[in-house]
Amino acid sequence: DGGITQSPKYLFRKEGQNVTLSCEQNLNHDAMYWYRQDPGQGLRLIYYSQIVNDFQKGDIAEGYSVSREKKESFPLTVTSAQKNPTAFYLCASRGTVSSYEQYFGPGTRLTVT
Amino acid sequence: GDSVTQMEGPVTLSEEAFLTINCTYTATGYPSLFWYVQYPGEGLQLLLKATKADDKGSNKGFEATYRKETTSFHLEKGSVQVSDSAVYFCALSVNTGGFKTIFGAGTRLFVKA
């Protein structure tokens, strides 16, 4: 089955620690995205990548970093510089140039205390 | 700039009631329009889409028509079920000077038995 996997489903960290969220896709999609979702709110774009070895900041990139060394993988690091890291993080991918819909992973809920 | 506005929730209905969730948009260029659904604790799933004016997207009894004259893409279902309880997101995607997707804030739907 093709799809997007995010792991782990739940993640707990102490304040001041960096943490990396995994996102893997086997859809052969070029573009990948990271969104943050806070309770009762919509999605905010953190970073996106249209092609391997290239990525751009989204609307709320401060305190986050990404890499895109392989087409299938787009990990997100939440650094200690992120002021309010507790949130639900969603990874998504998009296929060809003519295909506009995004496919989402199941999400990772990060709690920082 | 480009934006999506959808009705605030929560929307509470009894089973078999008629559902409408309003969505309007502003966009440069010619956007594609989408409705995504998010069940509790999960990622978003594409529910339906429309890529040009007067197109009707439909899936699982849900429908939405791309109305360019009123810049709207309202979601409707004739008879809701308890299993339709979820958060619904309206979104647009456009590729003018770079691809982007804009999501609405989401509308939570509760369906009572």
Side-chain angles (χ1 to χ4, degrees), chain A residues 3-11 21-25 27 29-51 54-60 87-111, chain B residues 1-11 21 23 25 27 29-52 55 57 59 64 66 73 86-110:
Chain A
I4 299 179
T5 57
Q6 291 185 244
S7 59
K9 180 74 172 171
Y10 299 95
L11 193 52
L21 281 60
S22 166
C23 177
E24 304 279 329
Q25 54 102 354
L27 299 168
H29 285 176
D30 287 315
M32 297 186 74
Y33 304 81
W34 273 106
Y35 294 92
R36 170 182 172 136
Q37 186 178 29
D38 292 287
Q41 304 205 13
L43 280 66
R44 292 186 287 170
L45 181 64
I46 304 173
Y47 268 97
Y48 64 102
S49 168
Q50 310 254 45
I51 196 168
D54 188 44
F55 49 83
Q56 285 79 42
K57 294 181 179 180
D59 301 318
I60 57 164
F88 190 51
Y89 290 88
L90 287 162
C91 180
S93 69
R94 182 174 65 87
T96 65
V97 173
S98 61
S99 170
Y100 284 18
E101 62 259 36
Q102 296 188 21
Y103 295 80
F104 284 82
T108 292
R109 187 167 299 281
L110 173 65
T111 303
Chain B
D2 301 327
S3 66
V4 173
T5 303
Q6 59 183 109
M7 64 189 286
E8 284 191 33
V11 173
I21 300 178
C23 172
Y25 67 91
Y30 301 94
S32 292
L33 302 175
F34 305 88
W35 278 100
Y36 289 86
V37 59
Q38 183 180 32
Y39 298 101
E42 298 183 9
L44 277 68
Q45 303 173 25
L46 179 66
L47 181 59
L48 54 84
K49 67 178 181 181
T51 58
K52 61 183 189 297
D55 267 3
N59 186 25
Y66 190 143
F73 193 55
V87 180
Y88 293 83
F89 291 91
C90 185
L92 69 84
S93 291
V94 64
N95 193 9
T96 50
F99 179 88
K100 60 181 173 181
T101 297
I102 308 293
F103 288 88
T107 302
R108 183 174 294 277
L109 170 66
F110 291 106

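Any value given below was found using the heavy atoms of this structure, including those in side chains, with hydrogens, waters and symmetry copies removed. Keep in mind the model is a prediction, meaning the values are calculated, not measured. Here is the naming used below: chain letters follow the sequence lines, and residue numbers restart at 1 for every chain.
- Side-chain atoms of B/Phe73 and B/Leu48, non-hydrogen and from C-beta on, do get closer than 4.5 Å to each other.
- Between A/Asp59 and A/Arg44 the shortest side-chain heavy-atom distance does not fall below 4.5 Å.
- Between chain A and the residues B/Gly104, B/Ala91, B/Ser32, B/Gly106, the largest count of heavy-atom pairs under 4.5 Å involves B/Ser32.
- Ring pair A/Tyr35/A/Phe104 is tilted by interplanar angle, where 30° to 60° counts as tilted.
- For the pair A/Arg109 and A/Tyr10, the cation-pi test (distance below 6.0 Å, angle within 45°) is failed.
- Put simply, the side chain of B/Phe34 does not reach to within 4.5 Å of the side chain of A/Gln102, judged on heavy atoms.
- Contacts between A/Gln37 and chain B at a heavy-atom distance below 4.5 Å involve the side chain alone, from C-beta outward.
- Proximity to chain A (any heavy atom under 4.5 Å) is shown, for B/Leu44, by both the backbone and the side chain.
- For a residue to count as touching a neighbouring chain, one of its non-hydrogen atoms must lie under 4.5 Å from one of that chain's; by this rule A/Tyr103 does not touch chain B.
- Residue contact with chain A, scored on non-hydrogen atoms closer than 4.5 Å, is absent for B/Gln45.
- Contacts between B/Val87 and chain A at a heavy-atom distance below 4.5 Å are absent for every atom of the residue.
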